[in-house]
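Before any comments, here is the structure.
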Amino acid sequence: MNTVILAAQDPTLADFGKDPWWLVLGKIVFAFVFGLLATLLGVWFERRVVGRMAVRPGPNQVGPFGLLQTLADGLKMAFKEDILPRTADKVVFFFAPTISVISAVTALSVVPFGPKVSIFGHWTPLQVTDVSVAVLVILACSSMGIYGIVLGGWASGSTYPLLGGLRSSAQMISYEVAMGLSIVAVFMTAGTMSTSGIVAAQGDATQLTIAGQQIPAPGWYAILLLPSFVIFFIAMVGETNRAPFDLPEAESELVAGFMTEYSSLKFALFMLSEYVSMVTMSAVTTTLFLGGWRAPWPITLWSGANSGWWPMLWFFGKVIVLVFVFVWLRGTLPRLRYDQFMRFGWKVLLPINLVWILVLSGLRSIEDWQTQDRLLATGIGAGVLLLATLFWPSRKKAPEPPLQEQVNSRPHGSFPLPPMDLQVPPSPRTKRVVAEREPANVVAGSDSREV
């Protein structure tokens, strides 16, 4: 009996669509409440961690450890005056924040929080739903969230919000491509686009054959597909408009970017969408690259680590670690210039991603070859890549000739140059002016002297 229960822990696509209506409603409410509570705690967590990094206390007055400070801020924003610009498109201006919030929360519907458990006698996965293209649903929700920012900036009828919305659209195009390409490596390795299937594929240790010996390797794609994991995380920070990539709301350039004309609850919704997106993308990263709800080593030595309700604890722990990295980046790195940001996405992340996918495809295609043939093919490929790296044409400018040589090569009749040693000779009038100066007499009482 135990064997049957343990074997049924990993949910499959066939396990979805069989729950009663009250159980489906409970899952939806749980995912929504998780997003809201994670936002409330995320704001408090960020302010406390950044305060700690800056040697400040952070919120500590409202509630124990300042936990109710975010709730107090939300109530304050709810009772503030709601200002509507005269030139704004009223309908779009109202619905733009809701688009961003709904898109961020919807992505949680395909994220697995745990294995199959028994809830009031019903065996059901701890996941709202799953489809064969669940990861594409996440990418679609991520893209739709940008529309709320773009429409909010356009509907404000002001210059700075419009520039912030345009920046956000360019940012989405640049980093959505890198994010999608990094997930391709996960599809190739797991053989599925289902989120529950990707978590199940990371459950077993990967067996590497070296010199005829089977050596177990970690199953997490963050280790096996390290370049994809690094690129995905960088692109994820850019997609969520978090520092150092928070250019659509750069206060030093655009006042507050796309949120400049928003106030009261509409501003709170935009703020909510940012933190929900941060938590959602942390959960997606955990699912795709960190084993999902599966326990990390050495907790896996315990036979019951991946059964029952315990996996939810491991899942939330990984999400908190990733949220801490978000906060860490904000408290550490300065904001990039816009041209640096775009150049990094198109000229660095995209080429590296394409080369990595090409290498991974080659390695996957020779898996069935003999050991010697695999080593020979791998060596030839590595040699070609090394030679291409060494002999790749450089764009460095030719060294400029010395300054004196440039001066000597100037054509006859050119404009005169200032002294090359930057030392200005003294004026010939200096001594004469000093000599002609009248002495000053200072009278102090009965004594006087010439100065």
Side-chain angles (χ1 to χ4, degrees), residues 34-78 80 100-101 104 149 160-161 164 167-168 171 175 229-230 232-260 262-264 267-286 290 316-341 344-345:
F34 167 74
L36 294 183
L37 289 180
T39 300
L40 292 176
L41 295 177
V43 176
W44 169 85
F45 180 75
E46 180 173 16
R47 295 175 67 182
R48 291 284 292 190
V49 172
V50 173
R52 180 77 174 180
M53 292 178 177
V55 197
R56 295 185 288 106
N60 59 358
Q61 298 297 317
V62 185
F65 305 103
L67 283 170
L68 299 180
Q69 182 65 56
T70 306
L71 182 61
D73 292 341
L75 293 176
K76 178 185 70 174
M77 283 190 287
K80 280 184 174 292
S100 297
V101 175
I149 296 175
Y160 285 134
R167 278 190 175 189
S168 182
Q171 183 168 321
Y175 283 78
F229 172 66
V230 173
F232 180 85
F233 190 84
I234 295 175
M236 178 181 65
V237 177
E239 280 285 300
T240 52
N241 295 334
R242 292 285 302 181
F245 301 147
D246 54 341
L247 294 167
E249 50 189 82
E251 69 276 0
S252 60
E253 306 168 15
L254 304 176
V255 184
F258 61 91
M259 295 188 295
T260 301
Y262 280 89
S263 59
S264 189
F267 175 82
L269 286 177
F270 266 131
M271 182 179 175
L272 175 69
S273 67
E274 177 180 331
Y275 281 90
V276 172
S277 298
M278 181 175 65
V279 174
T280 300
M281 295 310 294
S282 298
V284 171
T285 306
T286 299
L290 299 180
F316 292 146
K318 297 174 185 178
V319 171
I320 291 173
V321 170
L322 290 177
V323 171
F324 171 76
V325 176
F326 270 103
V327 178
W328 192 4
L329 292 175
R330 177 180 178 180
T332 306
L333 299 179
R335 182 182 295 125
L336 296 178
R337 289 203 322 262
Y338 191 66
D339 60 318
Q340 294 174 334
F341 175 73
F344 183 70

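- Ring planes of Tyr175 and Phe245: tilted class, angle from 30 to 60°.
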(request) Give the intermediate values and the outcome of side chain to side chain contact (heavy atoms under 4.5 Å, CB included) for residues Arg242 and Tyr275. (result) CA-CA 9 Å; Arg242 292 285 302 181; Tyr275 281 90; 4.0 Å; yes
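- Distance check: Phe341 CZ to Arg335 CZ gives 11.5 Å after rounding to the nearest 0.5 Å.
- Between the side chain of Gln171 and the main chain of Gly238, a donor-acceptor pair closer than 3.5 Å is present.
- In terms of heavy-atom proximity, Phe65 sits nearest to Arg48 at O-NH1, 4.0 Å.
- Atoms CG and OG1, on Leu37 and Thr70 in that order, are 11.5 Å from each other to the nearest 0.5 Å.
- The two residues Glu274 and Thr240 come nearest to each other via the heavy atoms CG-O, 4.1 Å.
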(message) Is there a side chain to side chain contact (heavy atoms under 4.5 Å, CB included) between Thr285 and Val319? Walk through the geometry before answering.
(response) CA-CA 8 Å; Thr285 306; Val319 171; over 6 Å; no
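- In this structure, Asp73 and Lys76 have side chains that are in contact, with non-hydrogen atoms separated by less than 4.5 Å.
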(request) Given ring-ring contact (aromatic ring centres under 6.0 Å, His included), test Phe316 with Phe34 step by step and report yes or no. (result) CA-CA 10 Å; Phe316 292 146; Phe34 167 74; 5.3 Å; yes
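- For the atom pair CZ (Arg47) and CZ (Arg56), the distance works out to 9.0 Å, reported to the nearest 0.5 Å.
- Atoms CG and CG, on Leu67 and Asn60 in that order, are 11.0 Å from each other to the nearest 0.5 Å.
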(request) Start with the C-alpha distance between Val284 and Phe232, add both sets of side-chain angles, then the distance that settles side chain to side chain contact (heavy atoms under 4.5 Å, CB included), and finish with yes or no. (result) CA-CA 11 Å; Val284 171; Phe232 180 85; 4.2 Å; yes
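- Leu40 CG to Phe45 CZ: the interatomic distance, rounded to the nearest 0.5 Å, is 15.0 Å.
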(message) For Val49 and Trp328: C-alpha separation, side-chain torsions, deciding distance, then whether side chain to side chain contact (heavy atoms under 4.5 Å, CB included) applies.
(response) CA-CA 8 Å; Val49 172; Trp328 192 4; over 6 Å; no
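- Minimum heavy-atom separation, Met236 to Ser282: SD-N, 4.2 Å.
- Of all non-hydrogen atoms in Leu269 and Val101, the two that sit nearest each other are O-CG2, 3.2 Å.
- Interatomic distance, Leu272 CG to Phe267 CZ, rounded to the nearest 0.5 Å: 11.5 Å.
- Within the 4.5 Å cutoff, side-chain heavy atoms of Glu46 are placed close to those of Arg330.
- For the pair Phe270 and Ser100, the tightest heavy-atom approach, listed with the atom from each and the gap, is CE2-OG, 3.8 Å.
- Across all their heavy atoms, Ala104 and Ser277 have their closest contact at CB-OG, 3.5 Å.
- In this structure, the side chain of Thr332 does not engage the main chain of Leu329 through any donor-acceptor pair within 3.5 Å.
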